**Student:** 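The structure's right below; bear with me while I get my questions together.
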Amino acid sequence: MDASAETIRSALLTWYDSHARSLPWRSPPGTPPPEPYRVWLSEVMLQQTTTVAVAPYFARFLERWPTVEDLAAADDGDVMAAWAGLGYYARARNLLACARAVAAQGGAFPRTEADLRALPGLGAYTAAAVAAIAFDQSATVVDANVERVVARLFAINQPLPAARKTIRAHTEALTPVERPGDFAQAMMDLGATICTPRAPRCLLCPLAAMCAGRRAGPEQFPVKAAKKAKPVRQGRAFWIERDGAVWLMTRPGQGLLGGMRALPDDAWNARRDGAAAPPLPGPWRSAGTVRHGFTHFDLELQLMLYSGSDCSSLDGAGTWWPLGRIDTAGLPTVFAKAARLALAQTEYQGE
DNA sequence: GAGCCGTGGTA
DNA sequence: TTACCAAGGCT
């Protein structure tokens, strides 16, 4: 017989009262929640992203755009550039769309899980998290931490992702009417600090006595399907420099790195056949190769330096960006790496 | 359901 | 170095 839901809830919340992580977007256990804007902003940033990575971005966004109306009025390019380096750039596009939708409704976030779920960028997890944390709604919050904790607690043998239905049902049965926000954050804190993916610290766990997975070997849960190997793609990016500035483009608004400022490239993202790159029709030399891992493929990007002087064929689809301010261009990481490589070459040549 | 979509830390 | 993985959402 499983431990009762109330036993588990009580043990978890008692643990949380003395072991909650202190985070910039969070209020201490048992105290009023932060403004919905802060809860929403942090939850979107935290999607598939670590608290350490999010913290500086959260602080910068909040300082620059203190309210959802401020963010709604922001320039698209400024928001994309401010998000640069955090990844999953569709989140930034949806963030802006969501801010504008909320501002259009008077600037107040909806208070129910269902209404939150209808906003851009809020899926099942984020809608439930904002409802529970910001509005004290008894919503079922399931993220990767909760999946792991629950899969171990009940020794769920069914592999992910098929096990999600079972895990959600267990989580829903555990979720309290009182302190639902603290409960959700407690589950996530437990997963982040005690019930970790590898080497869980069961000796410190408040739920150890109630955990079926501990007896069976906690690290085997959750069971996961095997992953596909990542392919390697090859591509080129182009460094065109003139009068102390480099030519940058803005990528199309959809797909990989959508809406982000970037170096011109040879459409490597669309090329999955591994075909050899054709020769370039002008004076170019290679500055080396940037290796970068994306979610579903690895990229070997050859950086080509333009060594000619005729830039007349460049159209209006880009901009000359001063090299002295290249770190403010808002380049995603793969192009920030390429820029560092190019600048290192330039400095070497100058010596 | 499965593919697409970033990045950096860790063992 | 390789492999895994983190407060997921959208199509």
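Computed from a predicted model, the values in this text were never measured in an experiment. So you know, we letter chains A, B, ... as the sequences are listed, proteins then strands, and number each from 1.
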**Student:** In this structure, how many angstroms lie between the P atom of C/dG9 and the CZ atom of A/R164, rounded?
**Tutor:** 11 Å

**Student:** Measuring only the P atom in each nucleotide, how far is C/dA7 from B/dC4? A whole number of Å is fine.
**Tutor:**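 Approximately 24 Å lies between the P atom of C/dA7 and that of B/dC4.
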
**Student:** Starting the side chain at C-beta, find the nucleotide from B/dG1, B/dT7, C/dG8 nearest to A/D143.
**Tutor:**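 Closest of the options to the side chain of A/D143: C/dG8.
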
**Student:** Pick base, sugar-phosphate or nothing for A/S42, based on heavy-atom distances below 4.0 Å to the nucleic acid.
**Tutor:**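 Since no nucleic acid heavy atom lies under 4.0 Å of A/S42, the category is nothing.
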
**Student:** Classify the side chain of A/T49 and the base of B/dG6 as holding, or not holding, a donor-acceptor pair under 3.5 Å.
**Tutor:**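 Yes, a donor-acceptor pair under 3.5 Å.
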
**Student:** Any base atoms under 4.0 Å from A/W25, or only sugar-phosphate, or nothing? Heavy atoms, all strands.
**Tutor:**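 It contacts base atoms.
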
**Student:** What is the distance from CG of A/L46 to P of C/dG9, rounded to the nearest Å?
**Tutor:**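 Value for this atom pair: 12 Å.
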
**Student:** Between B/dT7, B/dG1, C/dA7, which one does the side chain of A/R26 approach most closely?
**Tutor:** C/dA7

**Student:** Starting from P on B/dG6, measure out to OH on A/Y57 and report it in whole angstrom.
**Tutor:**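 Value for this atom pair: 13 Å.
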
**Student:** On the six-membered ring of A/F183, is A/R179 placed so that its NZ or CZ lies under 6.0 angstrom from the centre and within 45° of the ring axis?
**Tutor:**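 Not satisfied by the 6.0 Å and 45° rule.
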
**Student:** Could you check whether A/A53 gets within reach of a base, just the sugar-phosphate, or nothing at all, counting any heavy atom under 4.0 Å?
**Tutor:**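 Counting heavy atoms under 4.0 Å across all strands, no contact is made by A/A53.
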
**Student:** Have a look at A/R21 and say if it touches a base, only the backbone sugar-phosphate, or nothing, with a 4.0 Å heavy-atom cut-off.
**Tutor:** base

**Student:** What nucleic acid atoms does A/G85 come within less than 4.0 Å of, heavy atoms only: base, sugar-phosphate, or nothing?
**Tutor:**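 If one applies the 4.0 Å heavy-atom cut-off, A/G85 turns out to touch the sugar-phosphate alone, with no base involved.
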
**Student:** Give me the atom names and distance for the closest heavy-atom approach of A/Q220 to A/G217.
**Tutor:**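 Closest approach of A/Q220 to A/G217, heavy atoms only: CG-O, 2.9 Å.
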
**Student:** Quickly work out the A/R251 CZ to B/dG6 P distance and round it to whole Å.
**Tutor:** 9 Å

**Student:** What is the separation between atom CG on A/D298 and atom P on B/dT7, rounded to the nearest whole Å?
**Tutor:** 13 Å

**Student:** Can you tell me which nucleotide in C/dC10, B/dC5, B/dT7 comes closest to the side chain of A/R117?
**Tutor:**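 That would be C/dC10.
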
**Student:** From the list C/dC5, C/dA7, C/dG9, which nucleotide is the closest neighbour of the side chain of A/Q47?
**Tutor:** C/dG9

**Student:** Please round to the nearest 0.5 Å and tell me the distance separating atom CG of A/L314 and atom CD1 of A/I240.
**Tutor:** 5.0 Å

**Student:** Closest nucleotide of DNA chain B for A/R198 versus for A/Q48: which of these residues is on the 5' side?
**Tutor:**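 Per heavy-atom nearest nucleotide, the more 5' residue is A/Q48.
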
**Student:** Here's a test of your reading of the structure: between A/K228 and A/L331, which maps to the more 5' nucleotide of DNA chain B?
**Tutor:** A/K228

**Student:** Determine whether the aromatic ring centres of residues A/F294 and A/H292 are separated by less than 6.0 angstrom.
**Tutor:** yes

**Student:** Hey, is A/R60 close enough to A/E63 for a salt bridge, meaning N to O under 4.0 Å?
**Tutor:** no

**Student:** Whole angstroms only, please: what is the OH-C1' distance between A/Y125 and C/dC10?
**Tutor:**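 Value for this atom pair: 18 Å.
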
**Student:** Counting any heavy atom closer than 4.0 Å, what does A/A124 reach on the DNA or RNA strands: base, sugar-phosphate only, or nothing?
**Tutor:**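 Touches sugar-phosphate only.
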
**Student:** Heavy atoms only, 4.0 Å cut-off, all strands: where does A/L86 land among base, sugar-phosphate and nothing?
**Tutor:** base

**Student:** Can you spot which of A/V149, A/V141, A/L153 makes a side-chain contact (heavy atoms from CB on, under 4.5 Å) with A/M187?
**Tutor:**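 That would be A/V149; it is the only one of A/V149, A/V141, A/L153 passing the side-chain contact (heavy atoms from CB on, under 4.5 Å) with A/M187.
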
**Student:** Between A/H296 and B/dG3, is there a contact of a side-chain N or O with OP1 or OP2 at under 4.0 Å?
**Tutor:**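 Answer is no, no contact under 4.0 Å.
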
**Student:** May I ask you to check whether A/R148 and A/N145 show a side-chain donor-acceptor distance below 3.5 Å?
**Tutor:** yes

**Student:** For the side chain of A/L256, counting heavy atoms from C-beta on, which of B/dC5, C/dA6, B/dG1 is nearest?
**Tutor:** B/dC5

**Student:** At 4.0 Å (heavy atoms only), tell me whether A/L23 reaches a base, stays on the sugar-phosphate, or touches nothing.
**Tutor:**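 Base: the residue A/L23, judged by heavy atoms under 4.0 Å, touches a nucleobase.
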
**Student:** Check the phosphate of B/dC4 against A/T295, side-chain N and O only, distance under 4.0 Å to OP1 or OP2. Yes or no?
**Tutor:**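 The answer is no; no side-chain N or O of A/T295 sits under 4.0 Å from OP1 or OP2.
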
**Student:** Within the structure shown, what part of the strands sits under 4.0 Å from A/R93 by heavy-atom distance: base, sugar-phosphate, or nothing?
**Tutor:** nothing

**Student:** Among B/dA2, C/dA7, B/dT7, which nucleotide sits nearest the side chain of A/H292?
**Tutor:** B/dT7

**Student:** Just the rounded figure in Å: distance from P of B/dG6 to CD of A/Q254.
**Tutor:**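 Roughly 12 Å, once rounded to whole Å.
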
**Student:** Quickly work out the A/Y89 OH to C/dG8 P distance and round it to whole Å.
**Tutor:**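 A/Y89 atom OH is separated from C/dG8 atom P by 17 Å.
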
**Student:** Give a yes/no on whether any side-chain N or O of A/T126 is located under 4.0 angstrom from OP1 or OP2 of C/dG9.
**Tutor:**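 For A/T126, the contact criterion (side-chain N or O under 4.0 Å from OP1 or OP2 of C/dG9) is met.
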
